[in-house]
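Start at 1 and go down the list; that is how both ligands and their atoms are numbered.
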Amino acid sequence: MAKEMYVVGGSKGGVGKSFVSTGLIDTLMYRNENVLLIESDTSNPDVWKMYKDSVRAELIDLDTADGWIDLVNVCDSEPESVVVVNTAARNNRGVVTYGTTLSSTLEEMQRTLRTLWVINRQRDSLELLKEYLDALPSTVVHVVRNGYFGDERKFELYNSSKIRKTIEAADGKSLTFPDLADRVSDDLYSNRMSISKALTELPIGNRAELTRWRNQMHKVLGEVIDG
Ligand SMILES: Nc1ncnc2c1ncn2[C@@H]1O[C@H](COP(=O)(O)OP(=O)(O)O)[C@@H](O)[C@H]1O
Ligand SMILES: [Mg+2]
């Protein structure tokens with residue numbers, strides 16, 4: 001078996017896809033996994049900038065057929081690495097058109113595909129998830145309520161939705177990703193720092209908040225990695 005492949009999706013801008021990708025890479029590295037990052041947000045490659053010095057990182061445009069070919073080839077060349085794909089807004093279009101390039105090759109590559117679908121509290125997050133599931137039925141989807149938008153019970157639309165039942169019946173989990181204090185998330189973004197670098201360079205108070213968040217985040221994402 002090759003290592004798992006994770007797609008961090010949501011198909012909307014600003015829901016926290018990059019943030020969750022960053023957290024997932026950090027969790028995997030903390031567990032001594034080799035990570036291969038595929039950054040498909042080629043116009044704003046924020047995760048690539050933060051992690052290109054610590055993991056193998058490729059910029060691949062998943063709006064094109066060529067991009068999906070490259071994705072499959074690079075994954076196949078690194079079976080020992082866990083793959084993390086950070087997606088861009090409106091990624092569903094590429095998935096609908098070219099998703100079979102990936103799903104038809106997973107078995108031969110011996111990769112399992114897991115999706116972390118990041119949502120805010122709005123309805124379109126869920127409608128886009130239905131579209132994604134139809135286009136890529138070969139994936140297990142875990143839904144990530146981003147705590148940045150409020151605590152778990154505020155996601156009532158998702159919590160009481162039919163799609164939640166569908167997800168959980170197919171072994172998907174419903175998770176809540178913790179909220180990091182804005183001033184510390186701003187530190188990460190403005191300095192393009194990885195989480196582990198920030199843990200050596202930020203002022204002591206900021207590091208303490210980052211550590212609190214990181215421990216919580218490792219626990220939440222650990223449920224998916226171990227599950
Ligand atoms: N869990 C979180 N804790 C703190 N800030 C967050 C969190 N999630 C998102 N943010 C903030 O929202 C902004 C947008 O998130 P980002 O991950 O870039 O979204 P996307 O990649 O989906 O466009 C980030 O720059 C960050 O400031
Ligand atoms: Mg992003």
| request: Check the hydrophobic clustering (I, L, V, M, F, W, Y; side-chain heavy atoms under 4.5 Å; chains of links allowed) and say if Leu175 and Ile167 are grouped together. | output: no

| In terms of hydrophobic clustering (I, L, V, M, F, W, Y; side-chain heavy atoms under 4.5 Å; direct or indirect links), are Val20 and Leu113 co-clustered? | no

If we set the cut-off at 4.0 Å for heavy atoms, which region of [X] has an atom near ligand 1: side chain, backbone, both, or neither?
X	answer
Asn86	neither
Trp213	neither
Pro178	backbone

| message | Tell me whether the count of non-hydrogen atoms from other residues, nucleotides or ligands lying under 6.0 Å of CZ in Arg212 goes above 12. | response | yes

| said: Would you say CZ of Arg31 has more than 12 non-hydrogen atoms from neighbouring residues, nucleotides or ligands within 6.0 angstrom? | reply: yes

| Taking the six-membered ring for Trp, are Tyr30 and His218 parallel (under 30°), tilted (30 to 60°) or perpendicular (over 60°)? | tilted

| query | Taking distance alone, with no angle check, do Ser18 and ligand 1 share an N/O pair under 3.5 Å? | reply | yes

| Does the N or O separation between Asp186 and ligand 1 drop below 3.5 Å for any pair? | no

| said: Quick one, Lys3 and Val83 - any side-chain contact, counting heavy atoms below 4.5 Å? | reply: no

| message | What I'd like to find out is whether the side chain of Thr42 reaches to under 4.5 Å of the side chain of Trp48, using heavy atoms alone. | response | no

| What heavy-atom pair brings Asp46 and Ser18 nearest, and what distance separates the two atoms? | OD1-OG, 2.9 Å

| request: Please report the shortest heavy-atom distance between Thr87 and Gly9, naming the atom on each side. | output: OG1-CA, 3.4 Å

Considering only non-hydrogen protein atoms, determine which one is nearest to [atom] and report residue, atom name and distance to 0.1 Å.
atom	value
atom 17 (O) of ligand 1	Phe19 N, 2.9 Å
atom 3 (N) of ligand 1	Leu180 N, 2.9 Å
atom 18 (O) of ligand 1	Tyr189 OH, 3.3 Å
atom 8 (N) of ligand 1	Asn146 ND2, 2.9 Å
atom 19 (O) of ligand 1	Gly16 N, 3.1 Å
atom 11 (C) of ligand 1	Tyr148 CZ, 3.5 Å

Should you measure from each heavy atom of [X], which atoms of ligand 1 turn up under 4.0 Å away?
X	result
Lys17	17 (O), 19 (O), 20 (P), 21 (O), 22 (O), 23 (O)
Phe177	1 (N)
Gly13	23 (O)
Gly14	19 (O), 20 (P), 22 (O), 23 (O)
Ser185	5 (N), 27 (O)

| query | Looking at Asn91, Thr115, Thr139, which one forms a side chain to side chain donor-acceptor pair (under 3.5 Å) with Tyr132? | reply | Thr115

| message | Tell me whether the Mg ion (ligand 2) has Asn86 as a neighbour, meaning an N, O or S atom of it below 2.8 Å. | response | no

| task | Answer yes if a protein heavy atom lies under 4.0 Å from atom 6 (C) of ligand 1, otherwise answer no. | result | yes

| request: Please state whether Gly10 comes within less than 4.0 angstrom of ligand 1, counting heavy atoms only. | output: no

| query | Distance only, no hydrogens: is a donor on one side chain within 3.5 Å (strictly under) of an acceptor on the other, for Asn159 and Arg145? | reply | yes

| field | Reported CG-to-CG distance for the pair Leu24 and Asn86, which is rounded to 0.5 angstrom | value | 10.0 Å

